[in-house]
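Notes follow once the structure below has been shown.
The first residue in the sequence is number 1, and the count goes up from there. Just so it is clear, the structure is predicted and the values come from calculations on it, not from any experiment.
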Amino acid sequence: MLNLQRLEIFIAVVSAGSFTRAATSLGLTKAVVSFNVKQLEIAHSRLPQPLWPTARRRC
């Protein structure tokens with residue numbers, strides 16, 4: 001099942017261009033942002049392509 005909060009964090013990382021800037025904009029620590037992105041990637045590891053490169057091309 002898709003976790004929308006983790007997806008929101010992932011989108012913030014892609015938009016901000018870094019985990020640090022995303023964490024600042026979301027009011028979270030960098031560790032929390034990193035953990036949530038990692039969990040999202042684990043949950044969706046069966047996708048044909050990783051999330052990060054796909055999202056970077058589309059932004």
Return a table of donor-acceptor pairs under 3.5 angstrom between the side chains of residues 25-35 and protein atoms on other chains or two or more places apart.
unit_1 : atom_1 : unit_2 : atom_2 : d
Ser25  : OG     : Arg21  : O      : 3.4
Ser25  : OG     : Ala22  : O      : 2.9
Thr29  : OG1    : Val32  : N      : 3.1

Measure the spacing between CD1 of Ile9 and CG of Asn3 and express it to the nearest 0.5 Å.
8.0 Å
Nearest heavy-atom approach of Asn36 to Arg6 is OD1-NE, 2.9 Å
